Trainee: 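Okay, here's the structure, questions in a sec.
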Amino acid sequence: MADQETDRYDPGEVEGRWQRRWEEWGTNTFSEQRLRSPTDPYYNLMMFPYPSAEGLHVGNIYAFTGADVHGRYQRLQGRDVFEPIGFDAFGIHSENFALKVGVHPMDLIPGNVANFTRQLRRVGGMFDWNHAVDTTTPDYYRWTQWLFLQLFKGGLAERKEAPVNWCPSCKTVLANEQVVSGLCERCDTPVEQRRIAQWFFKISAYAERLLENLKTLDWSESTKKAQENWIGRSEGAVLRFPVLGVEPDVADLEVFTTRPDTVFGATYMVLAPEHPLVDAITSSDRRAEVEEYRRTVARMDVVARRKVEQSKTGVFTGGHCENPATGERIPIWIADYVLMDYGTGAIMAVPGHDERDFEFATAFGLPIPRVVAPGDSTARTPLDEAYPGEGILVNSGRFDGMDTREGGRAIVTWLSERGLAEARVNFRLHDWCISRQRYWGPPIPIVYCDECGPVPVPEDDLPVLLPRVEDFQPDDSGVSPLARVEEWYRTTCSECGGTARRETDVSDTFLDSGWYFLRYPSAGRDEAAFDPEVTRTWLPVDCYIGGNEHAVLHLLYSRFLTMALHDLGHLDFEEPFTKFRAHGLIVREGAKMSKSRGNVVIPDSIIERYGADSFRLYLMFLGPFEEGGDYRDQGIQGPVGFLKRLWNAVVPVDGLRDAAPDVAVERKLHQTIEQVSRQLPDLQYNTCVAALMEYLNVVRAEGRTPTRAEVEPLVVMIAPFCPHIAEELWNRLGHEGSIFDGTSWPSFDPEKLQEEAVTVAVQVNGRVRATIEVPPGVSEEVAMDRARKEPNVARYLDDAQLRRVIYVPDRLLNLVVST
RNA sequence: GCCGGGGUGGCGAAACGGUAAACGCAGGGGACUUAAAAUCCCCCGGGCUUCGGCCCUUGUGGGUUCAAAUCCCACCCCCGGCACCA
């Protein structure tokens with residue numbers, strides 16, 4: 001006879017025992033042998049965390065649990081599920097935090113990683129700790145540097161000048177997100193722009209392919225859309241405007257436009273202030289003003305420059321060019337609303353049909369002709385605002401009367417005959433700047449030789465170790481703290497042996513995280529970044545789950561790197577993630593969780609109090625996984641009670657009955673198996689949990705003692721959500737080893753889930769007047785017969801005429817009558 | 001402004017175009033208890049009721065349909081992302 005006291009559900013005790021066993025037995029870890037020859041490999045990936053000093057937050061646990069439930073379900077189906085985890089510990093967050101608390105990141109990070117590891121183990125994820133990665137270890141970033149070299153050799157890395165945000169007070173380069181409305185987020189000093197030579201990856205060369213491949217991917221629609229917008233494909237044409245009256249002759253001004261049809265309405269040109277032709281075009285009487293304007297714009301930071309201002313500013317250069325369509329002489333202005341890094345850095349201004357140009361022309365008194373007339377308007381209908389839509393061309397010479405679409409094509413053809421136009425597809429996507437003038441990252445593996453120029457570090461010399469530098473505070477030089485460490489950056493050229501200087505910038509964190517999924521299966525190998533055979537076996541990733549905050553950058557960079565490695569012959573696939581699902585956001589009591597609000601949920605104390613299984617179950621229950629949910633402190637009581645009742649149902653004092661299952665319970669069981677098996681792979685966790693709760697309610701109805709056959713499948717179905725209690729109960733049911741090592745997922749019998757009676761709603765004119773119990777699939781006649789006998793139906797039929805009957809078998813009978 | 005995702009009981013949420021509110025939280029009542037906790041049972045959108053029922057209710061307004069939370073059109077609000085992209 002079992003003692004009730006000692007057999008009470010004690011989550012801490014159960015979870016500790018099973019976590020120890022998993023480790024002892026190697027339940028979740030892959031040996032070299034198993035990694036090389038799995039029978040049914042399934043790579044289950046989740047976005048690895050940045051190990052902050054605060055520890056895991058609920059958002060992390062929510063995401064990881066959702067992914068873990070998916071992995072465990074696949075495993076119960078008999079697949080070999082590889083579920084790795086790692087740490088994305090380089091980067092500005094770690095570095096800034098280290099500066100703030102005055103501890104060196106090399107001392108800080110290991111502690112954070114250890115704490116995260118402890119928490120991740122406690123939550124009960126199915127992680128293969130033998131294949132964990134930490135991006136800050138030399139045996140990882142050695143291969144990050146190797147990756148840079150491959151792109152460099154493949155001609156996909158180039159060095160060029162680009163503007164960065166500079167805070168003159170903090171004396172540091174700032175990332176765009178550290179600039180808040182033109183001010184440094186730390187000291188509120190106005191941020192300036194500096195031009196620095198930096199390394200870029202030519203992701204824009206892949207724009208078309210990155211866009212095109214999206215169609216083939218099984219990804220969350222919102223994520224695909226975000227990438228589509230980011231890539232920003234637009235079709236149009238490049239038009240050439242000859243510059244007039246400048247000696248010696250300068251090149252034609254090139255503009256990109258999506259509306260070549262409106263070229264007859266281009267009454268002036270606008271160049272970006274930093275456009276290379278500004279100097280040549282500016283007349284002597286305008287030079288002082290132009291220079292002054294360019295200086296003002298240069299003082300603005302990159303972010304403020306891109307903010308929509310209330311009013312347009314700009315100055316006239318004194319120069320003119322010829323509109324190739326009208327032959328008219330039109331003025332050239334410069335204005336900050338034209339961006340150097342989009343299109344050609346110059347536009348033809350069509351104030352009649354572009355809102356920004358209209359605003360500018362209005363401010364500076366420039367002419368605003370109409371060249372497009374929609375619907376009921378004519379060439380002479382006045383414009384009181386820009387009309388950017390489609391219509392019929394007017395005031396456009398021989399193109400008058402054409403609609404804007406065919407007119408555009410005709411004009412491009414006409415101008416191209418004179419070499420003044422060509423069709424062009426333009427992308428918003430920019431090249432990826434990977435240089436960071438910071439300390440906490442992998443040094444970019446390049447040396448600058450006085451003789452040979454930039455020379456890649458030989459692969460055999462990798463890693464270029466990041467030296468321990470006590471003073472890693474950025475200074476006003478605008479270059480990395482590593483530039484102050486002479487004994488580190490002084491080196492010799494690997495080609496000529498002469499004196500050389502190391503690149504002192506480090507690379508972007510997104511480069512670390514852009515390939516980590518390639519490393520996991522090969523973690524620990526020191527002969528290659530990723531083993532070709534193992535990579536072929538496990539990749540691409542079968543399912544990737546993560547937050548939509550990385551919808552654009554991380555996912556796009558990962559796709560680009562994979563594509564580039566494919567083209568360079570290192571991979572035989574070009575898309576890394578076959579399936580991607582974005583999880584939703586967790587809020588608390590309707591408000592976003594944040595430290596400043598003081599409403600952050602501390603997972604450790606909740607797990608200590610209720611156990612990881614209850615916490616996991618609650619997180620998966622509180623809302624649809626892909627939409628997120630509202631964390632309410634009291635809400636966990638439901639799952640807590642459920643697990644207690646589950647425990648008490650399987651571990652009863654009198655022992656389980658071994659009798660045949662009750663027919664009604666069995667039917668509910670098969671219905672539950674059907675629903676859970678269908679919804680679980682679709683990540684519809686909240687309704688799966690509800691179904692399991694419903695089933696347990698039926699099993700325990702009126703205090704009945706369940707049979708083994710009734711509860712055993714329930715234990716298996718709860719296992720993805722609550723692995724510890726499932727293992728314990730499975731074990732107590734007499735099974736050896738781990739529940740996850742068998743293929744124990746239950747199957748259902750379609751016949752057994754059929755109800756023997758169904759409730760059919762009887763409506764009169766669409767309103768429910770009665771319900772009838774009938775055997776499933778009865779004929780309309782029988783149902784009608786039964787319905788007529790219902791007094792509350794009959795009284796509506798008495799003095800009415802039956803006009804129509806709609807019968808949906810097993811669901812409803814609608815009688816349409818009129819009086 | 002543009003692109004996503006949402007608006008359903010006191011709350012978190014369910015609902016192949018077919019009985020709106022499953023599952024759970026909170027709340028109320030009861031059982032057990034000296035008491036409390038735990039546990040178990042019952043009630044729980046609103047109004048009316050002759051206790052048979054009837055009417056109203058899924059952000060707002062229209063529409064399609066025998067039937068709309070669900071489909072279509074217009075609009076309002078909330079959350080997330082992007083934002084002078086020519």
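Hydrogens, waters and symmetry mates play no part in the numbers below; they use all other heavy atoms, side chains included. Letters go in sequence order (proteins before strands), and every chain restarts at 1. The model shown is predicted, which means the values in this text are computed figures rather than measured ones.
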Trainee: Without decimals, in angstroms, what is the distance between A:Tyr610 OH and B:A38 P?
Mentor: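 After rounding, the gap between these two atoms is 10 Å.
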Trainee: Between P on B:A38 and OH on A:Tyr9, what's the gap in Å once rounded to a whole number?
Mentor: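 Taking atom P of B:A38 as the reference, OH of A:Tyr9 is at 17 Å.
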Trainee: What form does the base of B:G62 take, syn (within 90° of 0) or anti?
Mentor: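 It is anti.
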Trainee: Sticking with atom C1', work out how far B:C42 lies from B:C48, rounded to a whole angstrom.
Mentor: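 So the two C1' atoms sit 25 Å from each other.
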Trainee: Would you measure the distance from the C1' atom in B:G59 across to the matching atom in B:C55 and give it in whole Å?
Mentor: 23 Å
Trainee: Any salt bridge between A:Glu274 and A:Arg294, counting N to O under 4.0 Å?
Mentor: no
Trainee: Is the glycosidic angle of B:G12 within 90° of 0, making it syn, or outside that range, making it anti?
Mentor: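 Chi for B:G12 falls in the anti range.
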Trainee: Over how many whole Å does the gap from A:Met269 atom CE to B:A86 atom C1' extend?
Mentor: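 The distance from CE of A:Met269 to C1' of B:A86 comes to 11 Å, rounded to the nearest Å.
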Trainee: For the pair A:Asp810 (side chain) and A:Gly777 (backbone), establish whether a donor and an acceptor sit closer than 3.5 Å, ignoring hydrogens and angles.
Mentor: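 Indeed, once roles are kept as given, a pair shorter than 3.5 Å links the two residues.
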Trainee: Work out how far the C1' atom of B:U58 is from that of B:G6, and round it to whole angstrom.
Mentor: 14 Å
Trainee: Where each residue is assigned the nucleotide of RNA chain B containing its nearest heavy atom, which of A:Gln679 and A:Asn765 is assigned the position nearer the 5′ end?
Mentor: A:Gln679
Trainee: At under 4.0 Å, does any side-chain N or O of A:Gln634 touch on OP1 or OP2 of B:A26?
Mentor: yes
Trainee: Heavy atoms only, 4.0 Å cut-off, all strands: where does A:Ser234 land among base, sugar-phosphate and nothing?
Mentor: sugar-phosphate
Trainee: Between B:G80 and B:A69, how far apart are the two P atoms, rounded to whole Å?
Mentor: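 Straight-line distance between the two P atoms is 30 Å.
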Trainee: Describe, in one word, how the ring planes of A:Phe510 and A:Tyr557 are oriented to each other, choosing from parallel (under 30°), tilted (30 to 60°) and perpendicular (over 60°).
Mentor: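 Plane angle over 60°, so perpendicular.
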Trainee: Given that both pair distances must be under 3.5 Å and the pair must be Watson-Crick or G-U, what runs of three or more consecutive pairs involve RNA chain B?
Mentor: B:1-7 with B:76-82, B:10-12 with B:23-25, B:27-31 with B:39-43, B:45-48 with B:53-56, B:59-63 with B:71-75
Trainee: When you compare B:G61 with B:U70, how far apart are their P atoms, in angstrom units rounded to a whole number?
Mentor: 13 Å
Trainee: So is A:Lys312 actually on top of A:Tyr337's ring, under 6.0 Å and inside 45° of the axis?
Mentor: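 Relative to the ring axis of A:Tyr337, which defines the angle, A:Lys312 lies inside both limits.
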Trainee: Touch check for A:Asn814, heavy atoms < 4.0 angstrom, all strands: base, sugar-phosphate only, or nothing?
Mentor: base
Trainee: Taking only the C1' atom of each, what is the distance from B:C44 to B:G30 in whole angstrom?
Mentor: 15 Å
Trainee: Between A:Glu359 and A:Arg356 (salt bridge meaning N to carboxylate O under 4.0 Å), is one present in this structure?
Mentor: no
Trainee: Atom CD1 of A:Ile806 and atom P of B:A68: how far apart are they, to the nearest Å?
Mentor: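 It is 12 Å, rounded to the nearest whole Å.
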Trainee: To the nearest angstrom, how far is A:Leu815 atom CG from B:G18 atom P?
Mentor: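 For the pair A:Leu815 CG and B:G18 P, the rounded distance is 19 Å.
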Trainee: Flag the pair A:Glu694 and A:Lys668 as a salt bridge only when some basic side-chain nitrogen lies within less than 4.0 angstrom of an acidic carboxylate oxygen.
Mentor: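 Yes, charged N to carboxylate O under 4.0 Å.
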Trainee: Looking only at heavy atoms, which two atoms of A:Pro720 and A:Val69 are closest? And how far apart?
Mentor: O-CG2, 3.5 Å
Trainee: Let me know the distance between CD of A:Glu228 and P of B:C82, rounded to the nearest Å.
Mentor: 17 Å
Trainee: Report the distance from atom CD of A:Gln684 to atom P of B:C23, rounded to the nearest whole Å.
Mentor: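 It is 18 Å, rounded to the nearest whole Å.
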Trainee: Are A:Glu208 and A:Arg233 within salt-bridge range, i.e. N to O under 4.0 Å?
Mentor: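 Salt bridge flag = yes for A:Arg233 with A:Glu208.
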Trainee: I want to verify a distance call: between B:A22, B:A86, B:A13, whose nearest atom is closest to the A:Glu694 side chain?
Mentor: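 Nearest nucleotide to the side chain: B:A22.
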Trainee: Counting the atoms with a prime plus P, OP1 and OP2 as sugar-phosphate, which does A:Val808 contact under 4.0 Å by heavy atoms, base, sugar-phosphate, or nothing?
Mentor: base
Trainee: It should be established whether A:Asn686 places a side-chain nitrogen or oxygen under 4.0 Å from OP1 or OP2 of nucleotide B:A14.
Mentor: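 Answer yes for this pair, as a side-chain N or O of A:Asn686 is under 4.0 Å from OP1 or OP2.
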Trainee: Mind checking A:Asn792 for me? I need base, sugar-phosphate or nothing, with any heavy atom below 4.0 Å counting as a touch.
Mentor: sugar-phosphate
Trainee: Between B:A35 and B:G53, how far is it from one C1' atom to the other, in whole Å?
Mentor: 45 Å
Trainee: Which nucleotide wins on minimum distance to the side chain of A:Thr771, given the candidates B:U19, B:A26, B:A86?
Mentor: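 Nucleotide nearest to A:Thr771's side chain: B:U19.
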Trainee: Got A:Glu755 and A:Gln671 here, is their nearest side-chain heavy-atom distance under 4.5 Å?
Mentor: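 With C-beta onward as the side chain, the pair touches.
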Trainee: For atom C1', what is the distance between B:A15 and B:A20, given to the nearest Å?
Mentor: 7 Å
Trainee: Please write out the pairs of protein N or O atoms and N or O atoms of nucleotides 55-58 of chain B separated by less than 3.5 Å, giving the distance to one decimal.
Mentor:
unit_1 : atom_1 : unit_2   : atom_2 : d
B:C55  : OP1    : A:Arg769 : NH2    : 3.2
B:C55  : OP2    : A:Arg769 : NH1    : 3.0
B:C56  : OP1    : A:Arg767 : NH2    : 3.4
B:C56  : OP2    : A:Arg767 : NH1    : 2.8
B:C56  : OP2    : A:Arg767 : NH2    : 3.1

Trainee: Which part of the nucleic acid, if any, lies within contact of A:Arg795, taking any heavy atom under 4.0 Å across all strands shown: a base, the sugar-phosphate backbone alone, or nothing?
Mentor: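 Touches sugar-phosphate only.
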Trainee: Can you tell me which residue among A:Val255, A:Leu253, A:Val338 is in a side-chain contact (heavy atoms from CB on, under 4.5 Å) with A:Leu271?
Mentor: A:Leu253
Trainee: Name the closest nucleotide to the A:Gln763 side chain, picking from B:U19, B:A86, B:A22.
Mentor: B:U19
Trainee: Would you mind classifying the nucleic acid contact of A:Pro639 as base, sugar-phosphate or nothing, using non-hydrogen atoms under 4.0 angstrom?
Mentor: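 If one applies the 4.0 Å heavy-atom cut-off, A:Pro639 turns out to touch nothing in the nucleic acid.
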Trainee: Parallel, tilted or perpendicular, judged at 30° and 60°: which one describes the rings of A:Phe360 and A:Tyr268?
Mentor: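 Rings of A:Phe360 and A:Tyr268: parallel, under 30°.
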Trainee: Using the rule given for side chain to side chain donor-acceptor pair (under 3.5 Å), can you reason through A:Glu254 versus A:Thr344, listing the C-alpha separation, both sets of side-chain angles and the distance that settles it, and then say yes or no?
Mentor: CA-CA 6 Å; A:Glu254 291 199 338; A:Thr344 61; over 6 Å; no
Trainee: Please determine if A:Arg428 forms a cation-pi arrangement with A:Tyr342, meaning its NZ or CZ atom is less than 6.0 Å from the six-membered ring centre and no more than 45° off the ring axis.
Mentor: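 A:Arg428 over A:Tyr342 ring: no.
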Trainee: Please list each protein N or O that sits under 3.5 Å from an N or O in nucleotides 4-12 of chain B, with the distance.
Mentor:
unit_1 : atom_1 : unit_2   : atom_2 : d
B:C11  : O2'    : A:Arg632 : NE     : 2.8
B:C11  : O2'    : A:Arg632 : NH1    : 3.4
B:C11  : O2'    : A:Arg632 : NH2    : 3.3
B:G12  : O2'    : A:Leu622 : O      : 2.8

Trainee: I want to verify a distance call: between B:A86, B:U19, B:C82, whose nearest atom is closest to the A:Leu339 side chain?
Mentor: B:A86
Trainee: For A:Tyr618, run the ring pair (Phe, Tyr, Trp, His ring centres under 6.0 Å) check against A:Tyr631, A:Tyr610, A:Tyr62 and tell me which one passes.
Mentor: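 Going through A:Tyr631, A:Tyr610, A:Tyr62 one by one, the ring pair (Phe, Tyr, Trp, His ring centres under 6.0 Å) with A:Tyr618 is satisfied by A:Tyr631 alone.
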Trainee: What is the distance from CE of A:Met693 to C1' of B:C23, rounded to the nearest Å?
Mentor: 7 Å
Trainee: Does a side-chain N or O from A:Arg700 land closer than 4.0 Å to OP1 or OP2 of B:C40, or not?
Mentor: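 So the side chain of A:Arg700 is within the cut-off, an N or O lying under 4.0 Å from OP1 or OP2 of B:C40.
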Trainee: With a 3.5 Å distance limit and no angle check, can you tell me whether A:Arg370 reaches the backbone of A:Val372 through a side-chain donor-acceptor pair?
Mentor: yes
Trainee: Do A:Lys592 side-chain and B:C79 base share a donor-acceptor contact under 3.5 Å?
Mentor: no
Trainee: Need one value for A:Arg645: base, sugar-phosphate or nothing, where a base atom within 4.0 Å counts as base even if backbone is also close, heavy atoms only.
Mentor: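 A:Arg645: backbone/sugar contact only, no base atoms under 4.0 Å.
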Trainee: Give A:Asn697 one of three labels, base, sugar-phosphate or nothing, depending on what nucleic acid heavy atoms sit under 4.0 Å from its own.
Mentor: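 Result for A:Asn697 = sugar-phosphate.
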Trainee: Looking at B:G18, B:C66, B:C85, which one has an atom nearest to any side-chain atom of A:Arg356?
Mentor: B:C85
